[in-house]
Amino acid sequence: DTGVSQDPRHKITKRGQNVTFRCDPISEHNRLYWYRQTLGQGPEFLTYFQNEAQLEKSRLLSDRFSAERPKGSFSTLEIQRTEQGDSAMYLCASSLARGNSEQYFGPGTRLTVT
Amino acid sequence: AQKITQTQPGMFVQEKEAVTLDCTYDTSDQSYGLFWYKQPSSGEMIFLIYQGSYDEQNATEGRYSLNFQKARKSANLVISASQLGDSAMYFCAMREGTGANSKLTFGKGITLSVRP
């Protein structure tokens, strides 16, 4: 299957711990996005990459959050010193670098901070 | 102001009937794109249909069509011949500007339930 994959699918962590999520985009897609979705809401944009360059970061992305895409393929999203408010579904998407290109989403990583 | 507004409460439709899900948007850009995604209970976001701001024809994809009314800034999704598998959350989203700005802004979604 050549869809977007994310790992892990679920993560439970204690407040204050660091967590890292991985996203593998569709292989020919050079754009990669991270979104966060809380219960009952639509996804909210966090950041996106074109190849290895991080082109935009939302103000939602506090300094505890960092994302990388070192070789322009997979990406990682790290949250340091997790807080209960970080509990959410973290969605990764990828697309071609074309204005009308749809974004294909992965299954998401559900984070629960206890 | 909200960029994407989806205000319908949970929607119900009888199997095999058509249903319209409303979406209004707000942007000052001349170039933008509108998307609809479906999110079943399993959680994955599934792309359904796209409409560009300069497209003169309403977009169609199988049983999905987009009723695009630019002057009213609305982009309603029409699902024809509803199926039980259409029960899900539906999100309207917008990309503003040209290709370099490609992030999507989503509405809060609408829950659709299809009755047998």
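A note on names: the letters A, B, ... follow the listed sequences, proteins ahead of strands, and every chain is numbered from 1.
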Engaged part of B/Q51 at the chain A interface, taking heavy atoms whose separation is under 4.5 Å: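 Answer is neither: B/Q51 stays 4.5 Å or more from chain A.
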More than 12 foreign heavy atoms under 6.0 Å from [atom1] of [X]: is that the case here?
X	atom1	value
A/R15	CZ	no
A/E68	CD	no
A/L60	CG	yes
B/K16	NZ	no
A/E28	CD	yes
B/L84	CG	yes

Determine, using the 4.5 Å side-chain heavy-atom cutoff (strictly less than), whether [X] and [Y] are members of one ILVMFWY cluster.
X	Y	answer
B/F68	B/I49	yes
A/Y35	A/L77	no
B/W36	B/V19	yes
A/F21	A/L91	no
A/L55	A/Y33	yes

message: Taking side chain to side chain contact (heavy atoms under 4.5 Å, CB included) as the definition, give me every residue that meets it alongside B/S28, ordered by chain and number, with sequence neighbours left out.
response: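 B/S28: no side chain to side chain contact (heavy atoms under 4.5 Å, CB included) contacts found.
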Atom of B/M45, atom of A/P43 and distance for their closest heavy-atom approach: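 It is CE-CG, 3.9 Å.
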field: Interface residues of residues 104-116 of chain B facing chain A - heavy atom cut-off under 4.5 Å
entry: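 Counting heavy atoms that sit under 4.5 Å from chain A, the residues of residues 104-116 of chain B involved are B/L104, B/F106, B/G107, B/K108.
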Contact residues of residues 71-80 of chain B (partner chain A; heavy-atom separation under 4.5 angstrom):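 If one takes a 4.5 Å heavy-atom cut-off, no residue of residues 71-80 of chain B lies near chain A.
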message: Return the CZ to NZ distance between A/F45 and B/K103, rounded to the nearest 0.5 Å.
response: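 If we round to the nearest 0.5 Å, A/F45:CZ and B/K103:NZ are 5.5 Å apart.
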Nearest-0.5 Å distance, OH of residue B/Y50 to CD of residue A/E102: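 So the gap between those two atoms works out to 9.5 Å.
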query: Any idea which of B/M89, B/Q39, B/E44 has the most non-hydrogen atom pairs under 4.5 angstrom with chain A?
result: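 When all of B/M89, B/Q39, B/E44 are compared, B/Q39 has the most.
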- prompt: So which of A/R110, A/M89, A/Q41 has the biggest tally of heavy-atom pairs under 4.5 Å with chain B?
  reply: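 The residue among A/R110, A/M89, A/Q41 with the greatest pair count is A/Q41.
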task: Could you identify which residues cluster with A/F74, counting Ile, Leu, Val, Met, Phe, Trp and Tyr as linked when any side-chain heavy atoms lie under 4.5 Å apart, either directly or through a chain of such contacts?
output: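 The other cluster members (ILVMFWY side chains, heavy atoms under 4.5 Å, direct or chained): none.
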query: Non-hydrogen atoms of chain B under 4.5 Å away: do they reach the side chain of A/Q37, the backbone, both or neither?
result: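 Answer is side chain: those atoms of A/Q37 sit under 4.5 Å from chain B.
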